[in-house]
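Notes for the one structure printed next.
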Amino acid sequence: MDMNKITFFTRFEQDILASCKTITIRDKSESYFQPNQVLAVYTNETDRFFANIKVLSVTPIHFDNLSEQHAQQENMTLSELRQVIKDIYPQDEQFWVIEFELVK
């Protein structure tokens, strides 16, 4: 596994490139990222490179503590965010918020 690579679903590509999506919420398997680490960003579906991002912070969070602020940083409503997370990680309750910025 490439420790400097991260994937996103293609549907999030434009939000990332427009800096509308500034966090990603991941499970324990992707909690190893570190602040100031630069990651190559690829589409999950086709493994196509589309950007570099710099990790600003990695913070643990419980599903019940997700807030409107997290939803805004994901460029969606809180109900949409909760549904997306449950769709991707149906069994999990503990996550990591990875805050990032686009590297231009």
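- The heavy-atom pair separating N52 from A40 by the smallest distance is OD1-CA, 3.4 Å.
- Salt-bridge formation is not detected for the pair K54/E99: no Lys NZ or Arg NE/NH1/NH2 atom is positioned less than 4.0 Å from an Asp or Glu carboxylate oxygen.
- Q72 CD to E68 CD: the interatomic distance, rounded to the nearest 0.5 Å, is 6.5 Å.
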Q.
Pair I53, E101 - check side-chain contact (heavy atoms from CB on, under 4.5 Å), show working.
A. CA-CA 5 Å; I53 59 173; E101 65 184 6; over 6 Å; no
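- Contact check for K28 versus W96: side-chain heavy atoms found under the 4.5 Å cut-off.
- Nearest heavy-atom pair across E74 and T24 is OE2-CA, 3.6 Å.
- When all heavy atoms of S19 and L102 are compared, the pair lying nearest together is OG-CB, 4.0 Å.
- Hydrophobic cluster membership differs between Y42 and V103, with clusters built from Ile, Leu, Val, Met, Phe, Trp and Tyr side chains linked at under 4.5 angstrom.
- By the neighbour-count criterion of 12 heavy atoms within 6.0 Å, atom NZ of K5 is densely surrounded, having more than that number from other residues, nucleotides or ligands.
- Taken together through direct or relayed side-chain contacts under 4.5 Å among Ile, Leu, Val, Met, Phe, Trp and Tyr, I6 and I88 form part of one hydrophobic cluster.
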(Q) Test salt bridge (Lys or Arg N to Asp or Glu O under 4.0 Å) on K86 and E93; report intermediate values, then the result. (A) CA-CA 9 Å; K86 281 298 175 193; E93 295 290 324; 2.9 Å; yes
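- We find the CG-NE2 distance between N65 and H70 to be 8.5 Å, quoted to the nearest 0.5 Å.
- Considering only heavy atoms from C-beta on, P60 comes within 4.5 Å of Q94 through its side chain.
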Q. Given the rule in the side-chain contact (heavy atoms from CB on, under 4.5 Å) test, do F63 and I85 qualify, once you have shown the distances and angles that lead to the verdict?
A. CA-CA 9 Å; F63 182 81; I85 290 173; 4.0 Å; yes
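- The CD atom of Q91 lies 12.0 Å from the CG atom of D27; values are rounded to the nearest 0.5 Å.
- Interatomic distance, CE of M3 versus CD of Q34, reported as 9.0 Å (0.5 Å rounding).
- Side-chain atoms of E13 and T10 include no donor-acceptor pair closer than 3.5 Å.
- Between Q83 and E80, every side-chain heavy-atom pair lies at or beyond the 4.5 Å cut-off.
- Residues L17 and L39 share a hydrophobic cluster, clusters being chains of Ile/Leu/Val/Met/Phe/Trp/Tyr side chains in contact below 4.5 Å.
- Nearest heavy-atom pair across P35 and S57 is CG-CA, 4.2 Å.
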Q. V55 and V58: side-chain contact (heavy atoms from CB on, under 4.5 Å), yes or no, with the steps?
A. CA-CA 8 Å; V55 176; V58 181; 3.8 Å; yes
Q. I23 and K21: side-chain contact (heavy atoms from CB on, under 4.5 Å), yes or no, with the steps?
A. CA-CA 6 Å; I23 65 168; K21 177 177 171 62; 5.7 Å; no
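- For the side-chain contact (heavy atoms from CB on, under 4.5 Å) with V41, the lone residue among F100, F12, F50, F49 that qualifies is F50.
- Test T43, V84, N44 against F9 for side-chain contact (heavy atoms from CB on, under 4.5 Å) and you get one pass: N44.
- Under a cutoff of 6.0 Å and an axis angle of 45°, R82 and Y89 do not form a cation-pi pair.
- Note: the hydrophobic cluster containing I25 does not contain L56 (ILVMFWY, side chain heavy atoms under 4.5 Å, direct or indirect links).
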